[in-house]
Amino acid sequence: QVQLVESGGGLVQAGGTLRLSCAASGSTSSISVMGWYRQAPGKRRELVADMPSGNSAYYEESVKGRCTISRDNAKNMVYLQMTSLKPEDTAVYYCHVRYYSEFAERLDAWGQGTQVTVSS
């Protein structure tokens, strides 16, 4: 099993910067992809960015150029740094990992979420 805990959310003014952190524990050696999703009130949860164990990364179009995802595999951490924040970035941000069980099952783990609020 993999457990995730997010931190770093909060209130920030438009144009500001925020860095989210996610710590993974448990069967971390089986983790493949790590990433971040967000869900705004009345909206579906959407992928913001993800990153496999290598150096490649995917970014949702609306955050390209403003967002950087990074991983520290030695510490089992994944980070999301967002700059030039906009009110429309306001959402609960969730850490997500894809991993595999001892039976090679493809599984997903989710954190509890951290609130990001961007004021105008």
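Small disclaimer: the values here were computed from a predicted structure and weren't measured.
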Rounded to the nearest 0.5 Å, the CD atom of Gln39 sits from the CD atom of Glu46 at a distance of 9.5 Å

Rounded to the nearest 0.5 angstrom, the CG-OG distance for Leu85 and Ser120 is 13.0 Å

Taken to the nearest 0.5 Å, the spacing of Gln115 CD from Thr90 OG1 works out to 7.0 Å

| message | With heavy-atom distances below 4.5 Å as the criterion, would you say the side chains of Trp36 and Cys95 are in contact? | response | yes

- Message: Are Arg66 and Asp89 packed together at the side-chain level, in the sense that at least one heavy-atom pair is separated by less than 4.5 angstrom?
- Response: yes

dist Ser62:OG -> Lys86:NZ (nearest 0.5 Å) comes out at 7.5 Å

Contacts of Arg45 meeting side-chain hydrogen bond (donor to acceptor under 3.5 Å, both in side chains) (sequence neighbours excluded), chain-then-number -> none

Which of Asp108, Leu107, Val2 passes side-chain contact (heavy atoms from CB on, under 4.5 Å) with Arg98? It is Asp108

OG1 of Thr28 to CD of Gln3, rounded to nearest 0.5 Å, is 10.0 Å

Exercise for review: Kindly say whether Val92 contributes a backbone atom to a donor-acceptor pair with the side chain of Arg38 at under 3.5 angstrom?
Suggested key: no

Hits for ring pair (Phe, Tyr, Trp, His ring centres under 6.0 Å) against Tyr37, two or more places apart or cross-chain, chain-then-number order -> His96, Trp110

query: Do other residues, nucleotides or ligands put more than 12 heavy atoms under 6.0 Å from the CD atom of Glu105?
result: yes

Sequence neighbours excluded, the answer for side-chain hydrogen bond (donor to acceptor under 3.5 Å, both in side chains) partners of Asp50 is none

Heavy-atom distance under 4.5 Å between the side chains of Leu18 and Val116, does that happen here?
yes

For atom CD of Gln112, is the number of surrounding heavy atoms from other residues, nucleotides or ligands below 6.0 Å larger than 12? no

* Asked: Looking only at atom types and distance, does a side-chain atom of Glu6 sit under 3.5 Å from a main-chain N or O of Cys22, one as donor and one as acceptor?
  -> no

**Prompt:** Is Arg106 close enough and on-axis enough to Tyr100, meaning under 6.0 Å and within 45°, for cation-pi?
**Reply:** no

Next item on the list: Would you check if Tyr58 and Met51 make a side-chain contact, meaning some heavy-atom pair closer than 4.5 Å?
Entry: no

Side chain to side chain, Arg19 and Leu80, heavy atoms closer than 4.5 Å:
no

Would the distance check show the side chain of Ser27 and the main-chain N or O of Gln1 forming a donor-acceptor pair, the cut-off being under 3.5 Å?
yes

| query | Are the side chain of Arg44 and the backbone of Ala40 linked by a donor-acceptor contact shorter than 3.5 Å? | reply | no

Requested in this report: Please answer whether the main-chain N or O of Thr114 pairs with a side-chain N or O of Tyr94 as donor and acceptor at a distance below 3.5 Å.
Outcome: no

Output yes when a side-chain donor or acceptor of Asn73 lies under 3.5 Å from a complementary backbone atom of Asn76, and no otherwise. no

